Amino acid sequence: MQSAAFSLPSPSSHPYLKPRNFASNPTFYPIRGVSKGRDFSDSTNAISIPSFPKRSWSLSSSSPLPLRAWTSAPSLSKPSPLHLRATAAENAGEAGKSGSLLKTLELGLLFGLWYIFNIYFNIFNKQVLKAFHYPITVTAIQFAVGTILVTIMWTFNLYKRPKINGAQLAAILPLAVVHTLGNLFTNMSLGKVAVSFTHTIKAMEPFFSVVLSAMFLGELPTLWVVASLVPIVGGVALASVTEASFNWAGFWTAMASNLTNQSRNVLSKKVMVNKEESMDNITLFSIITIMSLILLAPVAIFTEGVKFTPAYLQSAGLNVKEVVVRSLLAALCFHAYQQVSYMILQRVSPVTHSVGNCVKRVVVIVSSVLFFKTPVSPINSLGTGIALAGVFLYSRVKRIKPKIKAA
């Protein structure tokens with residue numbers, strides 16, 4: 001018997017291999033090579049084949065009694081490590097897709113809140129400034145409401161209260177000064193001209209950013225960045241010439257707002273360079289808000305007096321409840337959109353945030369034109385569109401880095 005690995009002994013030589021009546025016990029387990037009721041592996045008289053792995057065997061039809069492995073027998077062994085790794089990878093992939101979708105939805109919600117809060121801030125703020133002609137007081141009220149919100153946030157541990165030393169306060173003070181002036185000039189402009197025109201002029205922020213960065217940081221712009229400034233300047237000039245509500249006070253205060261806001265960005269790069277003393281954007285904005293109130297409140301009282309009182313509002317013929325409610329709503333929206341803006345900045349790149357800011361300006365201009373029914377000529381619309389397109393182009397080409405020539 002050449003094809004068999006071993007030969008079976010005669011039934012009389014081994015008690016366990018005697019002929020059995022399978023009809024009386026029909027259940028048979030070929031995989032383990034045992035019949036129901038007896039396990040051959042536990043028997044001392046069982047056949048031992050140490051040179052062969054544990055397999056199931058069947059009789060071949062080509063030879064009298066050779067045995068060979070069944071290829072179709074089911075496996076009772078545990079899943080292989082490869083199968084487990086594949087299953088784990090599939091589960092991880094599904095979890096990653098779910099997490100990515102949630103992050104995308106969260107980011108989309110933040111962008112939506114950013115735009116909505118900004119729209120309502122400009123609408124409520126414009127309504128208040130049209131009736132109450134004291135922009136310094138209005139700006140101080142906005143900082144006061146923001147300070148109250150920050151205090152509540154820190155008191156109830158809604159956000160971690162920072163530990164600030166004197167050196168950090170000294171470094172933040174210049175930022176607080178230009179932040180105060182930037183918001184003050186914006187409110188002064190909104191009180192003089194239409195919301196759409198103020199934001200069209202504020203579209204020139206990239207121009208001031210490039211100039212100030214070159215002057216104080218030595219960051220020379222690329223040719224693409226300079227080229228993107230051309231439609232910005234040209235579009236703002238075209239929109240200004242054709243603006244129905246144009247006046248020089250509103251124009252120059254909006255320009256001053258651009259200058260101070262971009263000075264804040266340059267100063268933040270110049271003075272906040274110590275990584276050990278750095279803080280997140282939300283904490284920095286909260287501290288700046290408190291410092292801005294401390295800086296502006298005395299100026300408002302000294303220059304405009306205490307005007308935001310029920311007695312004065314009534315004497316001026318204003319609806320006290322309407323002015324107070326809209327002032328508070330404007331202040332809440334102001335602080336909310338600033339906080340959401342910094343939350344977005346922590347999640348996306350500065351370029352993506354800049355593009356989102358450009359889209360936000362478009363949304364604010366369009367919504368204010370529709371809400372206040374601002375008269376807009378076709379040429380004015382063209383100039384505004386060109387300026388905003390230039391801002392979008394600037395935000396895209398700013399990522400292009402100049403090629404460094406090999407020495």
Side-chain angles (χ1 to χ4, degrees), residues 115 118-119 121-123 125-131 133 135 138-139 181-215 221 223-263 265 354-398:
Y115 293 174
N118 210 292
I119 290 171
F121 163 70
N122 283 278
I123 290 175
N125 203 31
K126 178 64 177 179
Q127 290 175 332
V128 171
L129 290 169
K130 285 176 66 176
H133 305 289
V138 170
T139 308
L181 292 175
N183 287 280
L184 175 60
F185 287 137
T186 298
N187 283 338
M188 293 174 68
S189 178
L190 288 172
K192 297 292 183 180
V193 296
V195 175
S196 57
F197 183 54
T198 297
H199 282 276
T200 300
I201 299 173
K202 285 176 69 65
M204 283 193 66
E205 285 182 350
F207 173 83
F208 288 93
S209 177
V210 171
V211 173
L212 292 175
S213 296
M215 290 175 60
L223 181 62
W224 292 106
V225 170
V226 174
S228 68
L229 298 178
V230 175
I232 295 176
V233 177
V236 170
L238 184 61
S240 300
V241 171
T242 57
E243 174 59 37
S245 64
F246 179 86
N247 68 64
W248 286 108
F251 176 83
W252 287 117
T253 49
M255 284 292 187
S257 173
N258 288 335
L259 178 62
T260 51
N261 284 332
Q262 295 311 306
S263 298
N265 295 339
S354 180
V355 173
N357 191 50
C358 175
V359 177
K360 180 209 69 178
R361 201 174 299 283
V362 175
V363 172
V364 169
I365 290 174
V366 173
S367 61
S368 65
V369 168
L370 295 176
F371 184 86
F372 293 108
K373 298 179 180 179
T374 307
V376 180
S377 65
I379 299 179
N380 182 271
S381 301
L382 177 63
T384 302
I386 292 174
L388 295 175
V391 174
F392 179 79
L393 181 63
Y394 168 82
S395 65
R396 303 302 297 175
V397 302
K398 199 173 186 301

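Start at 1 with the first residue, then count along the sequence. Hydrogens, waters and symmetry mates are skipped; everything else that's a heavy atom, side chains included, is used. Predicted model, so just to flag it, every value in this text is computed and none were measured.
Counted within 6.0 Å of CG on Leu382, heavy atoms from surrounding residues, nucleotides or ligands total more than 12; the atom is thus considered enclosed. Within 6.0 Å of CZ on Phe121 lie more than 12 heavy atoms contributed by other residues, nucleotides or ligands. The number of heavy atoms from other shown groups lying within 6.0 Å of NZ (Lys126) is above 12.
In plain terms, the two heavy atoms of Asn380 and Ala239 that are nearest each other are ND2-O, 2.9 Å. Of all heavy-atom pairs between Ser381 and Val376, the closest is OG-CG1, 2.9 Å. Across Gly182 and Asn261, no two heavy atoms sit closer than the pair CA-OD1, 3.6 Å. Taking all atoms of both residues into account, the shortest heavy-atom contact from Val193 to Ser245 is CG1-O, 3.3 Å. Summarising the geometry of Val226 relative to Pro221, their closest heavy-atom pair is CG2-CG, 3.8 Å, with the distance given to 0.1 Å. Minimum heavy-atom separation, Thr242 to Leu238: OG1-O, 3.0 Å.
For Asn258 (side chain) and Ile201 (main-chain N/O), a donor-acceptor pair under 3.5 Å exists by modelled atom type. Ser209 places no side-chain N or O within 3.5 Å of a backbone atom of Glu205 that could act as its donor or acceptor partner.
Using a 4.5 Å cut-off on side-chain heavy atoms (C-beta onward), Ile123 and Phe372 make contact. In this structure, the side chains of Phe251 and Phe197 come closer than 4.5 Å at one or more pairs of heavy atoms. Contact of the Gln127 side chain with the Phe371 side chain is registered, since non-hydrogen atoms from C-beta on lie closer than 4.5 Å. Side-chain contact between Met255 and Phe185 is absent, with no heavy-atom pair separated by less than 4.5 Å. Within the 4.5 Å cutoff, side-chain heavy atoms of Val225 are placed close to those of Tyr394. Between Phe392 and Leu388, every side-chain heavy-atom pair lies at or beyond the 4.5 Å cut-off. Residues Leu212 and Leu259 meet the side-chain proximity criterion, which asks for heavy atoms closer than 4.5 Å.
If you take CG on Leu190 and OG1 on Thr198, they are separated by 4.5 Å, rounding to the nearest 0.5 Å. Here CG of Asn125 is found 9.5 Å from OG1 of Thr186. Values are rounded to the nearest 0.5 Å. Considering CG of Leu393 and CD1 of Ile232, their distance stands at 8.0 Å, rounded to 0.5 Å. The OG atom of Ser257 lies 9.5 Å from the CG atom of Leu184; values are rounded to the nearest 0.5 Å. Remark: His199 NE2 to Asn122 CG distance equals 3.5 Å, nearest 0.5 Å. Taking OG1 from Thr384 and CZ from Arg361, the interatomic distance works out to 12.0 Å, rounded to the nearest 0.5 Å.
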